[in-house]
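Each chain gets a letter, A, B and so on, in the order the sequences are listed, and its residues count up from 1. All figures in this text were calculated on a predicted structure; none of them were measured in a lab.
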2 protein chains.
Amino acid sequence: MNVLLAAGGPVSKWPNLKDHYDLYVGIDRGAFFLKQKGLPLNIAIGDFDSLNTQERANIFKSVEKTVTSSAEKDNTDTQLALEFILKEHPEAKITMVGSTGGRIDHFLANFWMVLEPRFCKYSQNICLQDNQNSISFLLPGEHTVIKEEDKRYLAYCCLTPVADLTLAKSKYTLNKQQVLYPTSYASNEFISDYAEVSFSKGIIAVIQSKDS
Amino acid sequence: MNVLLAAGGPVSKWPNLKDHYDLYVGIDRGAFFLKQKGLPLNIAIGDFDSLNTQERANIFKSVEKTVTSSAEKDNTDTQLALEFILKEHPEAKITMVGSTGGRIDHFLANFWMVLEPRFCKYSQNICLQDNQNSISFLLPGEHTVIKEEDKRYLAYCCLTPVADLTLAKSKYTLNKQQVLYPTSYASNEFISDYAEVSFSKGIIAVIQSKDS
């Protein structure tokens, strides 16, 4: 099951979306952006404080399900949305848009969500995308990274200390590097249509990107 | 001494700059952007591969000092620039622009530089800014955070595990919270013109932001 999760960051940074997702989830202003783009809206989550009366009406008249978060103190709307989706669809592949290009505290909250024990085991099914970057997450093990056709650069960003980081089949390689603190191994490049990475401890974001 | 460090991210995301810096440093395309904006360019750092012949000529004819990085493999241009500045001016207050809004591997490389032992002790003198966000860094201790006039939101983003995180004089507070992994305490707000934060271990980014 493919889920599109639209957060409230600037719609101008959204990537080109593929034709169809099985479930469209909008978080606060992200729900409005889905409608604005003529896309379905199955679930809307948030307190919708950032929207005016007409925008709210536009959402509520067409959405299938609404989860309001006003009473919720300990979770962000995105955490609520992710928990809601994964509870009903633990196998879901989740593409998140609208999480970049605006407030950086919001971006980091979304970027670091995979470190929470409740989300960590699902992290390999979560991808953050915008019109220049694609961010997926890897847990310890041996992995093949498939090049996305429109991307040029490849980066391995260690969100935590990482043990035995080994990079192969890419322009720059590493052999069992011990990474002691969060580090962005940026500006690597594919040399074919895939690259290889392995590590024994920690969590890594693989970022494929292109120039603007 | 106030230093402006311009990296190569989109100039459209630059903040309003204050009138005068003592030193203007451009990294690769950032050097071109400084000239384009009619600002001084004291030092240019990079391989300048991203620029065409005329753009390069425009830089080289007016810059006071050039540091070329072609032979350098182990450092990004921004690391080189920071090391260069801090070696000559260890007390410098460094404002970095052009580090957000483009490639996220670049942003993370800049954001995480303060974790490197060689830069960590200078981290409280480094600030990343764009037109919506201001990111400064704190080391263990007791701190007062002064509200920036044009900002609304306040976030405490733990880049590492953080011990005894205590937040006061803000909308949301915490008392000796043990933070086990990188976490963005986003969307807090000032309740006066300052807030207070203390912690005993780790490193924190304080992000002040506003809606776009």
Side-chain angles (χ1 to χ4, degrees), chain A residues 8-10 12-13 29 50 73-74 76-78 99-117 120 128-130 132-135 151-161 172 180-188 202-203 205-212, chain B residues 8-10 12-13 29 50 73-74 76-78 99-117 120 128 130 132-135 151-161 172 179-188 202-203 205-212:
Chain A
S12 60
K13 289 287 289 181
R29 183 160 282 277
S50 66
K73 300 288 182 204
D74 293 335
T76 65
D77 290 337
T78 314
S99 68
T100 62
R103 281 173 49 194
I104 290 172
D105 58 335
H106 279 171
F107 165 68
L108 290 169
N110 293 328
F111 182 64
W112 282 335
M113 268 197 312
V114 296
L115 296 173
E116 294 182 46
C120 188
L128 275 53
Q129 290 187 358
D130 68 22
Q132 211 179 334
N133 304 275
S134 161
I135 306 176
K151 300 299 193 305
R152 176 170 174 192
Y153 305 104
L154 170 67
Y156 296 100
C157 300
C158 303
L159 279 73
T160 61
Y172 303 109
L180 302 180
Y181 40 80
T183 302
S184 172
Y185 290 92
S187 301
N188 206 335
I203 183 162
V206 178
I207 305 187
Q208 295 194 39
S209 62
K210 60 183 175 183
D211 293 315
S212 58
Chain B
S12 59
K13 290 286 288 181
R29 182 160 284 276
S50 66
K73 299 291 183 203
D74 293 335
T76 66
D77 290 337
T78 314
S99 68
T100 62
R103 280 174 49 193
I104 290 172
D105 59 334
H106 279 171
F107 164 69
L108 290 170
N110 293 329
F111 182 65
W112 283 334
M113 268 196 313
V114 295
L115 297 174
E116 293 182 48
C120 187
L128 276 52
D130 68 23
Q132 209 179 336
N133 304 275
S134 161
I135 306 176
K151 299 298 194 305
R152 176 172 175 192
Y153 304 104
L154 170 66
Y156 296 100
C157 300
C158 303
L159 280 72
T160 60
Y172 304 109
V179 184
L180 303 179
Y181 39 81
T183 301
S184 171
Y185 290 93
S187 300
N188 205 335
I203 183 163
V206 178
I207 305 186
Q208 295 194 39
S209 62
K210 59 183 176 183
D211 293 314
S212 58

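Residues Y181(B) and P117(A) form a side-chain contact, since some pair of their non-hydrogen atoms from C-beta on lies under 4.5 Å apart. You'll find the side chain of I104(A) stays beyond 4.5 Å of the side chain of F111(B), heavy atoms only.
Nearest heavy-atom pair, W112(B) versus S184(A), reported as atom, atom and distance to 0.1 Å: CE3-N, 3.5 Å.
Of the two parts of K210(A), only the backbone, made up of N, CA, C and O, holds a non-hydrogen atom closer than 4.5 Å to a non-hydrogen atom of chain B. Heavy atoms of T183(A) lying under 4.5 Å from chain B belong exclusively to its backbone. For C120(A), no part sits under 4.5 Å from any heavy atom of chain B, backbone or side chain. With a threshold of 4.5 angstrom between heavy atoms, I135(A) approaches chain B through side-chain atoms but not through N, CA, C or O.
Side chain of N133(B) to backbone of G102(A): a donor-acceptor contact under 3.5 angstrom is found. Using a distance-only test at 3.5 Å, with no hydrogens or angles considered, a donor-acceptor pair links the side chain of D105(A) to the main chain of S187(B).
For the set G101(B), A186(B), A155(B), P182(B), the entry with the most heavy-atom pairs within less than 4.5 Å of chain A is P182(B). Ranked by non-hydrogen atom pairs under 4.5 Å with chain A, the options Y156(B), Y153(B), Y185(B) are led by Y153(B). When each of L154(B), N110(B), T160(B), L115(B) is checked for heavy-atom pairs under 4.5 Å with chain A, L115(B) comes out on top.
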